[in-house]
Trainee: 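Provided herewith is a single structure, encoded as structure tokens, for subsequent inquiry.
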Amino acid sequence: MSSEKENISYQKNDITLDSSDMEKIDNDSESDSTGDKDFIVTPWEVAGDINYSKLIEKFGTYTIGNTLLEKIKDITGEIHPFLKNKYFFSHRDLDVVLDEYSRGNRFYLYTGRGPSGMVHLGHLMPWLFTKYLQEKFDVKLIFQLTDDEKFLFNGNLNMKTIQKYTYENVLDIISVGFDSKKTKIIVDTKHIKYLYPLSIEIAKKITYSTAKAVFGFSNSSNIGMVGFPPVQGAPCFLPSIIENRPTPVLIPAAIDQDPYWRVTRDIAEKLGYPKPAQIHSKFIPGLSSGGKMSSSKPDTALFTVDDPEILETKIKNTFTGGQPTVALQRKLGGNANICPVYWYLNYLFDTEKESQERYSDCTSGNLLCGECKSDMIIKIKPFIKDIQTKREKAQDLIKDFMIDGKEFFDNGNASFN
Ligand code: TYM
């Protein structure tokens, strides 16, 4: 993409802003509060028993229904298991992006990672799907690492630690198998020059009152936090700059990131860019009861760098929906709905038929938790091993993926010479 890199220029200085625009954004905002009595879903916190249908209503997104699935099938010839099993369940403007694609207007994919720890199974899910979409639609991808976000939002993390995680996360991203010719990684603190002009355009259009309503900022939020959202919004418009024409963007991510896209969508057309489209997934649950798998709670997570023995131990110790004794399990059956092991297998490894059988065998007491755990151990070990093998080779590929074409540790230090 070196020729594209040279093409990056910022010519959108014909944009005018005034206070009436700002008021309108506040009134037009699709935004709503992101919390709920029973569960919380924000970009920084996911907790409780998530009701995904309710979340669609709250966030104002759309269910991925059969018509849309058929539209995807018309183009790709198939329906990916993550769509069949409704792991990706919600969207904004996916239909618009597909229609544009059918008319020959290719979209860009955009996804990302906030490097606050090592990569776990939950993070991999949107990336695996993004890789699939990249292949099927033959499209380019911007991958953002928001090291600045993690520094600003996490009181316990310093930049040195975050840089270590950023590097490790880049290895994981590369090991997913994206096409280096069609993928560019942006690390915010390294590559801010590609985002800054766009990010100030966005920032100028969003009032503090909107930011407070959407992100829950308060008087004690540091001002870096308040200023961050436009930086995550900027890659939504970067493809239009790179391609020098309005270029649709599709963002695969779990639904926790939606607040960022809501504010970005609100102001997109005012800045002359297409509204970014999204395809939202559910969450991979953590190993303990309730909540999502989270790198800030390492005990809840299966990491890509875990040794096979660690994976095995973690899964053996996982909370399940089973009864306290074998006799009770046989008599009463288990509760697959609250069982992380059931969902790991459902989302990632079981076929539709296998998952249905597992569900009925579990709930009728024919299946014991140890059996599901051992199925999971058998499936997860080679899956993670494969990533680890690719991770070892990823170091040599970093330059090919970085938007500036440089090595990760090449900081291009300032000099007066
Ligand atoms: P982060 O690092 O929290 O998460 C990275 C991606 O993984 C998804 N995710 C999960 N998906 C399923 N189950 C889970 N348990 C789980 N935990 C996290 C997130 O939704 C996300 O897609 N601010 C972002 C970084 C970012 C970004 C983006 C993400 C910048 N630009 C564009 C998505 C799209 C963050 O901290 O993600």
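Along the sequence shown, the residues carry numbers beginning at 1. Values below: all heavy atoms of this structure, side chains included; hydrogens, waters and symmetry mates excluded.
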Trainee: Ring centroid separation for Phe383 and Phe349, is it under 6.0 angstrom?
Mentor: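 So the answer is yes for these two rings.
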
Trainee: Just wondering, do Phe39 and Asp49 contact through their side chains at under 4.5 Å, heavy atoms?
Mentor: no

Trainee: Are any side-chain N or O atoms of Arg391 and backbone N or O atoms of Glu168, one a donor and one an acceptor, separated by less than 3.5 Å?
Mentor: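 Judged by distance alone, yes, a pair lies under 3.5 Å.
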
Trainee: For the pair Asn169 (side chain) and Gly117 (backbone), establish whether a donor and an acceptor sit closer than 3.5 Å, ignoring hydrogens and angles.
Mentor: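 Flag set: sc Asn169 to bb Gly117 pair under 3.5 Å.
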
Trainee: Quick one: do the Asp147 and Gln163 side chains pair a donor with an acceptor below 3.5 Å?
Mentor: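 No pair is found: no donor N or O on one side chain lies under 3.5 Å from an acceptor on the other.
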
Trainee: For Lys140, is there any backbone N or O sitting under 3.5 Å from a side-chain donor or acceptor partner on Arg106?
Mentor: no

Trainee: Check Thr264 against Gly233 and note the closest heavy-atom contact, atom names and distance.
Mentor: OG1-CA, 3.6 Å

Trainee: Would you sort out whether His123 and Met293 count as a side chain to side chain contact (heavy atoms under 4.5 Å, CB included), showing the intermediate values?
Mentor: CA-CA 9 Å; His123 303 130; Met293 192 173 281; over 6 Å; no

Trainee: Could you walk me through whether Arg262 and Asp258 pass salt bridge (charged side-chain N to carboxylate O under 4.0 Å, His left out), step by step?
Mentor: CA-CA 6 Å; Arg262 259 179 276 157; Asp258 189 68; 2.9 Å; yes

Trainee: Got a donor-acceptor contact below 3.5 angstrom from the Gln134 side chain to the Lys182 backbone?
Mentor: yes

Trainee: So Asn158 and Thr161, side-chain hydrogen bond (donor to acceptor under 3.5 Å, both in side chains) or not? Walk me through it.
Mentor: CA-CA 6 Å; Asn158 60 39; Thr161 310; 2.8 Å; yes

Trainee: Can any side-chain N or O of Ser221 pair as donor or acceptor with the backbone N or O of Ser218 at less than 3.5 Å?
Mentor: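 Yes; judged by distance alone, with no hydrogens or angles, the pair exists.
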
Trainee: Could you tell me which non-hydrogen atom of Pro340 sits nearest to which non-hydrogen atom of Thr318, and how far apart they are?
Mentor: CG-CG2, 4.1 Å

Trainee: Is Ile387 close to Leu124 at the side-chain level, that is, under 4.5 Å between some pair of heavy atoms?
Mentor: yes

Trainee: Distance under 6.0 Å and angle within 45° of the ring axis: does Arg358 meet both against Tyr342?
Mentor: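 No, a cation-pi geometry is absent between Arg358 and Tyr342.
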
Trainee: Are any side-chain N or O atoms of Gln388 and backbone N or O atoms of Asp306, one a donor and one an acceptor, separated by less than 3.5 Å?
Mentor: yes

Trainee: Could you check if a side-chain atom of Leu141 sits within less than 4.5 angstrom of a side-chain atom of Thr111, using non-hydrogen atoms only?
Mentor: yes

Trainee: Assess whether side chain to side chain contact (heavy atoms under 4.5 Å, CB included) is satisfied between Met125 and Leu348, documenting all intermediate values.
Mentor: CA-CA 8 Å; Met125 302 291 285; Leu348 207 51; 3.6 Å; yes

Trainee: Between Asp307 and Glu309 (side chain of the first, backbone of the second, donor and acceptor by atom type, cut-off under 3.5 Å), is there such a pair?
Mentor: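 Here the side-chain-to-backbone pair does not exist.
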
Trainee: Taking everything shown except Asp74 itself, do over 12 heavy atoms lie less than 6.0 Å from its CG?
Mentor: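 Enclosed.
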
Trainee: Give the intermediate values and the outcome of salt bridge (charged side-chain N to carboxylate O under 4.0 Å, His left out) for residues Lys353 and Glu357.
Mentor: CA-CA 6 Å; Lys353 186 163 170 280; Glu357 283 170 9; 3.3 Å; yes

Trainee: Should the ring pair Trp44 and Phe217 be called parallel, tilted or perpendicular, given that the plane angle runs from 0 to 90° and is split at 30 and 60?
Mentor: tilted

Trainee: Would you please indicate if the ring centroids of Tyr110 and Trp261 are separated by under 6.0 Å?
Mentor: yes

Trainee: How close do Ser90 and Thr61 get, heavy atom to heavy atom, and via which atoms?
Mentor: OG-OG1, 2.8 Å

Trainee: Could you pull out all residues at least two apart from Phe151 that satisfy ring-ring contact (aromatic ring centres under 6.0 Å, His included)?
Mentor: none

Trainee: Quick one, Ile242 with Ile142, criterion side chain to side chain contact (heavy atoms under 4.5 Å, CB included). Give me CA distance, side-chain angles, the key distance, then yes/no.
Mentor: CA-CA 11 Å; Ile242 295 173; Ile142 305 272; 4.1 Å; yes

Trainee: Is any side-chain N of the basic residue among Arg113 and Asp172 closer than 4.0 Å to the acidic one's carboxylate O?
Mentor: no

Trainee: So Leu98 and Leu68, do their side chains get closer than 4.5 Å, heavy atoms only?
Mentor: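 The answer is yes; the side chains approach within 4.5 Å.
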
Trainee: Could you please spell out the steps behind the side chain to side chain contact (heavy atoms under 4.5 Å, CB included) verdict for Val341 and Cys369?
Mentor: CA-CA 9 Å; Val341 181; Cys369 298; over 6 Å; no

Trainee: If you measure from CG on Leu171 to CD on Glu392, what distance do you get to the nearest 0.5 Å?
Mentor: 10.5 Å

Trainee: Return the orientation label for the Tyr101 and Phe137 ring planes: parallel under 30°, perpendicular over 60°, tilted otherwise.
Mentor: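 It falls in the perpendicular class, over 60°.
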
Trainee: Heavy-atom count around Lys316 NZ within 6.0 Å, excluding the residue itself: above 12?
Mentor: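 Counting neighbours around NZ of Lys316, 12 or fewer heavy atoms of other residues, nucleotides or ligands fall under 6.0 Å, so no.
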
Trainee: Do Ile173 and Leu145 have side-chain heavy atoms sitting under 4.5 Å apart?
Mentor: yes

Trainee: Ring of Phe82, cation from Lys282 - is the NZ or CZ under 6.0 Å from the centre and inside 45° of the axis?
Mentor: no

Trainee: Please find the pair of heavy atoms, one from Pro259 and one from Pro43, that lie closest to each other, and give the distance.
Mentor: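 Here Pro259 and Pro43 meet closest at CG-CD, 3.8 Å.
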
Trainee: If you measure from CD1 on Ile398 to OG on Ser180, what distance do you get to the nearest 0.5 Å?
Mentor: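 That separation rounds to 12.5 Å.
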
Trainee: Distance from Asp396 atom CG to Glu407 atom CD, nearest 0.5 Å?
Mentor: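 Reported to 0.5 Å precision, the distance equals 8.5 Å.
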
Trainee: Answer whether the closest heavy-atom distance between the side chains of Asp38 and Asn51 falls below 4.5 Å.
Mentor: no

Trainee: Determine whether a donor-acceptor pair (N or O, by modelled atom type, separation under 3.5 Å) exists between the side chain of Glu149 and the backbone of Val231.
Mentor: no

Trainee: Could you give the distance from SG (Cys236) to OH (Tyr108), rounded to the nearest 0.5 Å?
Mentor: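 Between atom SG of Cys236 and atom OH of Tyr108 there are 14.0 Å.
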
Trainee: For the pair His91 and Tyr62, name the ring-plane relationship: parallel under 30°, tilted 30 to 60°, perpendicular over 60°.
Mentor: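 Taking Tyr62 first and then His91, their aromatic rings sit tilted (interplane angle of 30° to 60°).
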
Trainee: So, taking the atom named CG in Asp179 and the one named NZ in Lys131, what distance separates them when rounded to the nearest 0.5 Å?
Mentor: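 Asp179 CG to Lys131 NZ: 10.0 Å, rounded to 0.5 Å.
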
Trainee: Has Asp404 got a side-chain atom pairing as donor or acceptor with His191's backbone, closer than 3.5 angstrom?
Mentor: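 Not a single qualifying donor-acceptor pair exists.
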
Trainee: Taking all heavy atoms of Ala336 and all of Trp343, pick out the closest pair and write down the distance.
Mentor: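 Scanning both residues, the minimum pair turns out to be O-NE1, 3.6 Å.
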
Trainee: Does a side-chain heavy-atom distance below 4.5 Å link Leu195 with Ile192?
Mentor: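 The answer is yes, as the side chains (C-beta and beyond) meet within the 4.5 Å cut-off.
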
Trainee: Are Gln278 and Gln257 close enough that a side-chain donor and a side-chain acceptor fall under 3.5 Å?
Mentor: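 Result is no, nothing qualifies.
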
Trainee: Check whether any side-chain heavy atom of His120 lies under 4.5 Å from a side-chain heavy atom of Thr300, and answer yes or no.
Mentor: no

Trainee: If you take all heavy atoms of Pro239 and Val249, which pair is closest and at what distance?
Mentor: CG-CG2, 3.5 Å

Trainee: Under the salt bridge (charged side-chain N to carboxylate O under 4.0 Å, His left out) rule, what do Arg103 and Glu100 come out as? Steps first, then yes or no, please.
Mentor: CA-CA 5 Å; Arg103 283 195 281 270; Glu100 283 292 311; 3.1 Å; yes

Trainee: From Asp350 CG over to Met376 CE, what is the distance, rounded to the nearest 0.5 angstrom?
Mentor: 10.0 Å

Trainee: Please work out whether the ring planes of Phe129 and His80 are parallel, tilted or perpendicular, with thresholds of 30° and 60°.
Mentor: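 Perpendicular.
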
Trainee: Can the ring centres of Trp127 and Phe178 be said to be less than 6.0 Å apart?
Mentor: no

Trainee: Is the side chain of Ser116 donor-acceptor paired with the backbone N or O of Lys150 at a distance under 3.5 Å, no angle test?
Mentor: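 No; judged by distance alone, with no hydrogens or angles, the pair does not exist.
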
